[in-house]
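Only one structure is covered here, and it is reproduced in the block below.
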Amino acid sequence: MAPSTDILLKQLKKRRWQLWILAFSLLLTYALCVAIIVDPTRWEKIFSLYTKQTIIILLTGLVVLSLLFCTYVVITEKRLYKLQDLVIKEQGAFLRDSTFRLSCLEKICETFNRMFASYEPGIFSKTLNEVAKLSCELFKADYASIMLVDESDNKLKTQGLFGISDETIRSAALQFGEAIAGWVVEKTEALRLNHQTDYSKFKGYFQKERYIQSALSAPLLRHNKLFGVLNITRLAPNKDFTDLDLQFLKLAIKDITFPIEHISHIKTLTEKEKKLTEDQNLVQIGKLAAGLAHDFKNIIFVASGYLEIMAGSPEFKNNLETITKITAELNKMQNIIRNLLILGRHHSLKKKEVSINDLIKNLLEPLKNKLDSQGIRVILNLDRNLSTVTADPEQLQIALINLIQNAEEAMEETSRKELTIITTVVQNNQFNITVSDTGKGIENENLPRIFDTFFSTKELGIGAGLGLSITENIINAHQGKITVESVPGQGATFSITLPR
Ligand code: ADP
């Protein structure tokens, strides 16, 4: 309830007593007057006991007292009217605010109906960004984020954002219990923070963030299943979220949760459907590739032979650069064919004891001239403590060649060309290989898709979108993990962790 409504209620209670007292005193005066009129001689006798001066003082006192009391009543009445005006205004504002919020909620529903009706690619992140935007409007906030639970690692990841383009927020991955959002999902309780909040009770979870003035955060729950959290933040000072905002969020969260849950279902379904179509495509491609690969291999073999003859012939001395370029293209083609073949078949790993450091050195040996001619400096930092590991050397080689080839292509137009390969022994019987380049890097929007089969940003004919998907499959088959980090314009680092 608004504070002025509280004051008004208190004043109204007081007024009731004032009116009772006023009525009682008026009644007393009236009774006195009637008594004097009915039996004046008796009152004369009483009055004769006092001097005239005492009577005048007494009467004047009485009159002054009742005048003062009347003035007091008039003043409080005036204050009451003012308060009443204020309450009416506040209620008007409250009503307008509620109408605005309801219209926002209606807008949320309309927007999603429209979006879901015209299903299009990228609708998942579009929907979540839209929910964040409308939540900002709804609560007059500066920015909002939606974090969903990633079931693969049980972490909260930002999937929708509005009002801020901070990379740390966009790429945040929180454990349950970590930071404000982590607290909310762990306790499954909505939370309001403002400048009066006692942060000591959140010790171990989070501290006061300097840039956050006030924040609202609520868990996204459906049928008691927690699947994310909505964070709404105001940055300007003196703009705290009120208790009413928190209550409203608790009510509105159901409407906000619905489209998020709905779109998450659609995403899972389309992903499954996509995977199914992809798998079917792969089977077809596998059959096709197996049939064509042999012929292609022969053609490439013959073409490479001719190129080798040309390179050795003085007649073509001036065309050596072109010949090297054609050979490089043929190598790429060979790589694509090999990737297609792997994709089409289900290879079982042929594991044996292998020295990873030697494998990398042997792999780079035939590539040395090519990399040199492209001006690429290769930096090797191989951990001597990495003795032999159990793996399929042929498959690992393919995985690494794919990474190196991508690095080469990414550095085609950059002035600094450095390819760094590092091996390290990590705890728990694991080792790590990182392949970094100083190429053009990967755009943030592409990062989640680069391991998808057939995803490529390269021109048709140059990129088949198979390399990273094959590499990931090989690493997964070894019970390993491959991750990527990239700053657009500065390069990319692929990190492979494998068991020893
Ligand atoms: P392809 O190379 O045929 O396009 P990949 O699966 O090997 O297919 O790679 C997918 C996409 O990932 C590439 O098209 C490119 O956009 C991006 N990519 C992969 N490696 C790098 C890298 N080192 N630097 C920049 N972008 C890269």
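Atoms within a ligand are numbered from 1 in the order they appear, just like the ligands themselves.
Under the 30°/60° scheme for interplanar angles, the aromatic rings of Tyr199 and Phe202 are found to stand perpendicular.
Per-residue contacts place Asp437 under 4.0 angstrom from the following atoms of ligand 1 (heavy atoms of the residue considered): 22 (C), 23 (N). When each atom of ligand 1 is checked for a heavy atom of Ala410 under 4.0 Å away, the hits are 22 (C), 24 (N), 25 (C). Near Ile442, meaning under 4.0 Å from one of its heavy atoms, ligand 1 places the atoms 25 (C), 26 (N), 27 (C). For ligand 1, the atoms closer than 4.0 angstrom to any heavy atom of Phe494 are 20 (N), 23 (N). Using a 4.0 Å cut-off to heavy atoms of Gly467, the atoms of ligand 1 that qualify are 5 (P), 6 (O), 7 (O).
Within the set Pro488, Ala492, Gly441, Ser486, the minimum heavy-atom distance to atom 25 (C) of ligand 1 is found for Gly441. The residue from Ser456, Ala407, Ser469 that puts a heavy atom closest to atom 4 (O) of ligand 1 is Ser456.
Remark: the backbone N or O of Asp392 is paired with a side-chain donor or acceptor of His478 at under 3.5 angstrom.
Contact annotation: for Leu466 versus ligand 1, heavy atoms closer than 4.0 Å belong to the backbone alone. For Phe451, no heavy-atom contact with ligand 1 is shorter than 4.0 Å.
The shortest N or O to N or O distance between Leu468 and ligand 1 is under 3.5 Å. Any N or O atom pair closer than 3.5 Å counts here, and Gly465 shares at least one such pair with ligand 1. Note: an N/O pair closer than 3.5 Å links Thr457 and ligand 1 by distance alone.
Of the candidates Glu353, Lys352, Arg500, Thr388 forms a side chain to side chain donor-acceptor pair (under 3.5 Å) with just one, namely Glu353.
Side chains of Thr457 and Asn446: no donor on one and acceptor on the other come within 3.5 Å. In the model, Asn381 has no side-chain atom that pairs as donor or acceptor with a side-chain atom of Thr420 under 3.5 Å.
Counting heavy atoms from C-beta outward, Leu161 and Lys133 have side chains that stay 4.5 Å or more apart.
For the atom pair Leu498 CG and Ile356 CD1, the distance stands at 7.0 Å (nearest 0.5 Å).
When the side-chain contact (heavy atoms from CB on, under 4.5 Å) test is applied to Gln374, the partners found at least two apart in sequence or on another chain are Leu371, Ile376, Glu408.
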